[in-house]
Amino acid sequence: MGSMSATVAARKRGKPASGIGAGSGAGKRRRKADSAGARDKAKGGGKMNEEISSDSESESLAPRRTVQEKKLRLAKLYLEQLKQQEEEKAEARAFEEDQVAGRLKEDVLEQRGRLQKLVAKEIQAPAPAEIQVLRGHQLSITCLVITPDDSAIFSAAKDCTIIKWSRESGRKLHVIPRAKKSAEGQPLGHSSHILCMAISSDGKYLASGDRSKLILIWEAESCRHLYTFTGHRDAVSGLAFRRGTHQLYSTSHDRSVKVWNVAENSYVETLFGHQDAVAALDALSRECCVTAGGRDGTVRVWKIPEESQLVFYGHQGSIDCIQLINEEHMVSGADDGSVALWGLSKKRPLALQREAHGLRGEPGLEQPFWVSSVAALLNTDLVATGSHSSCVRLWQCGEGFRRLDHLCDIPLVGFINSLKFSTAGDFLVAGVGQEHRLGRWWRIKEARNSICIIPLRRPPCPRLLAR
């Protein structure tokens, strides 16, 4: 009893007890120390493990950084490419906008009659061997037209025939012969001298007029006869389609101007004013036309909706040919040898070139060569004139159309009865005959009745000048 109470008292004081109980307490304390040491070792070992894993992660991140940097470089390169593509697209859009703006400006200037492309100085006269000669008519060529796409040429002559030529090969594509009576009694061609022709701006219709007072309408592609217009009381001397429409203007030696609607095969109206036989007519896109009044010595501008006319004076002789340069200016030629440039705002010529093709005859009895044909390259400063002086002459219209400067001569023997520039301006076609288209005052025996295609070399992009 005494020993048990001593042991309990010793435990309460925290002192080890003697005997077995004390040994067992010491063992427990050693086990606790060992477990604490093991925990410390485990902790130390954990720290070593952590340090080792940290080194391995840094080594594994190095290739990851390289891949990320490569991706970043590729992304930057892609963005630069996108930026460059957008800049190129912006430049292309700006270029297109500039082109559209330039075209709109051209259209506005063209409508106002102030567009003038400066091409005349750049034209080079071809060598005689470069001129293509087409022969098929038996008598003098009187008129010709070129299709809007420049692929074909129509020519007509005093032999009452019309020939369609291929521009590229020079071969005949179709021949409309002299009129023969069909079973129904309707003529399928002309029976008298053909004096004028016109083709619509879409190339669909061809119109031809003759000394028998008739206007024949043909399908230009197939040369099939469609309609016959009657109403003039004398020879039909001039024809022109209004551009962009199928409205046809005609004039005649009966001194009248008539308006027709070809698509509807109908007559519209008649205008009067000239005091003598009208020799020629031309028109562009406005609802008006211009005429050369022959021996009445006037050029007239006809305003169709208002049924009114403007009268211009300037030539001393018979005005036999006329051509519009643009909507506000025109050129005409007369048998007094003069060539005139006109503006619609002035009743007198802006420029007058006398003796444009020189003089002929014995000394003291010289007479000027008649100007039998004129042509103008639309909306440019280039003009061509023809006579029987053995050449076609090219001219440059000066600034404001107030001067006419001689450029060069293209040798051609015979009467130049018709001249036409191609739409693109890369060639000029001349209709050559032994006789004048309106009569038989002279005959040049050495001339050949032919179509001459004259190439014109010039840069494709002419400079523009707004007047």
Side-chain angles (χ1 to χ4, degrees), residues 113-114 116 120 237-238 240 249 251 253 255 257 271-284 286 288-303 308-360 366-378 380-389 393-407 416 419 436-438 467:
R114 296 185 177 182
Q116 187 181 16
S237 54
Y249 305 122
T251 193
H253 290 176
R255 301 177 291 179
V257 173
L271 304 172
F272 294 96
H274 278 290
Q275 304 302 309
D276 205 302
V278 187
L281 176 145
D282 195 27
L284 286 179
R286 291 181 182 174
C288 68
C289 62
V290 297
T291 54
R295 287 188 296 272
D296 77 0
T298 66
V299 168
R300 301 190 183 224
V301 177
W302 302 82
K303 298 182 178 181
S308 63
Q309 56 189 287
L310 302 174
V311 184
F312 300 80
Y313 297 91
H315 291 285
Q316 300 299 316
S318 174
I319 308 172
D320 293 336
C321 47
I322 193 166
Q323 176 89 47
L324 281 161
I325 302 173
N326 55 34
E327 296 287 2
E328 291 287 336
H329 298 90
M330 52 191 169
V331 59
S332 62
D335 66 3
D336 63 356
S338 62
V339 176
L341 294 178
W342 308 81
L344 298 190
S345 60
K346 291 195 174 182
K347 298 297 184 69
R348 292 286 177 179
L350 298 174
L352 184 65
Q353 182 68 45
R354 300 187 185 277
E355 301 173 4
H357 281 259
L359 298 172
R360 62 180 179 84
E366 297 94 341
Q367 293 291 325
F369 283 100
W370 293 7
V371 178
S372 53
S373 58
V374 295
L377 183 56
L378 185 63
T380 73
D381 61 343
L382 182 61
V383 167
T385 60
S387 181
H388 59 287
S389 60
R393 286 200 163 167
L394 299 183
W395 306 82
Q396 180 186 22
C397 300
E399 186 175 354
F401 296 93
R402 295 185 178 276
R403 192 177 68 256
L404 200 59
D405 299 323
H406 176 237
L407 289 175
I416 312 301
L419 287 170
H436 192 283
R437 75 182 183 98
L438 297 176
R467 296 260 61 87

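Quantities reported herein were computed from a predicted structural model and do not represent experimental measurements.
Applying the ring-ring contact (aromatic ring centres under 6.0 Å, His included) rule to Trp395 yields the partners His406; only residues at least two apart in sequence or on another chain are considered. With sequence neighbours excluded, the residues that form a side-chain contact (heavy atoms from CB on, under 4.5 Å) with Ser338 are His315, Ala334, Asp336, Leu352. Shown here are the ring-ring contact (aromatic ring centres under 6.0 Å, His included) partners of His357, two or more places apart in sequence or in another chain: there are none.
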Take Leu378 and Ile325 through the test side-chain contact (heavy atoms from CB on, under 4.5 Å) and record every step on the way to the result.
CA-CA 5 Å; Leu378 185 63; Ile325 302 173; over 6 Å; no
Taking it one step at a time, do Cys289 and Trp302 satisfy side-chain contact (heavy atoms from CB on, under 4.5 Å)?
CA-CA 5 Å; Cys289 62; Trp302 302 82; 3.9 Å; yes
Report the C-alpha separation of Arg348 and Tyr313 in whole Å, then their side-chain angles, then the decisive distance to 0.1 Å, and conclude whether the side-chain contact (heavy atoms from CB on, under 4.5 Å) test is met.
CA-CA 6 Å; Arg348 292 286 177 179; Tyr313 297 91; 3.6 Å; yes
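At a threshold of 4.5 Å between non-hydrogen side-chain atoms, the residues Asp282 and Met330 do not count as touching. For the pair Arg403 and Leu350, the minimum side-chain heavy-atom distance is 4.5 Å or more. Using a 4.5 Å cut-off on side-chain heavy atoms (C-beta onward), Val257 and Val278 make no contact. Put simply, the side chain of Gln323 does not reach to within 4.5 Å of the side chain of Val290, judged on heavy atoms. Taking the side chain as every heavy atom from C-beta outward, Leu344 and His329 never approach each other to under 4.5 Å. Side-chain atoms of Asn326 and Phe401, non-hydrogen and from C-beta on, do get closer than 4.5 Å to each other. Looking at heavy atoms from C-beta onward, Val371 lies out of side-chain contact with Asp335 at the 4.5 angstrom threshold. Side-chain contact check for Val374 versus Ser332: every heavy-atom pair is 4.5 Å or farther apart.
Checking side-chain atoms of Ser387 against main-chain N and O of Trp370 turns up a donor-acceptor pair under 3.5 Å. Listed for the Gln275 side chain is a donor-acceptor partner under 3.5 Å among the backbone atoms of Gly273. The closest donor-acceptor contact from the side chain of Thr298 to the backbone of Val311 lies at 3.5 Å or more, if one exists at all. No donor-acceptor pair closer than 3.5 Å links the side chain of Asp320 to the backbone N or O of Ser372. Of the possible polar contacts, one joining the Arg393 side chain to the Ala356 backbone as a donor-acceptor pair under 3.5 Å is found. No donor-acceptor pair closer than 3.5 Å links the side chain of Asp276 to the backbone N or O of Asp296.
Annotation for Leu404 and Ala351: closest pair N-CB, 4.4 Å, computed over non-hydrogen atoms. Taking both residues in full, the closest heavy atoms of Ala240 and Ala283 are given as CB-N, 3.8 Å, listed atom of the first, atom of the second, then distance.
The closest side-chain donor-acceptor pair between Arg360 and Gln367, if any, does not fall under 3.5 angstrom.
In this structure, CG in Leu419 is found 9.0 Å from SG in Cys321, a value given to the nearest 0.5 Å. Interatomic distance, CZ of Phe312 versus CD1 of Ile322, reported as 9.0 Å (0.5 Å rounding). For the atom pair CG of Leu324 and SG of Cys288, the computed distance is 7.5 Å after rounding to the nearest 0.5 Å.
The side-chain contact (heavy atoms from CB on, under 4.5 Å) test with Leu394 singles out one residue from Asp405, Leu407, Leu377, Thr385, and that residue is Leu407. Just one of Gln309, Arg255, His274, Arg300 meets the side-chain hydrogen bond (donor to acceptor under 3.5 Å, both in side chains) condition when paired with Thr291; it is His274.
In summary, Glu328 and Arg286 engage in a salt bridge, as defined by a charged side-chain N under 4.0 Å from a carboxylate O.
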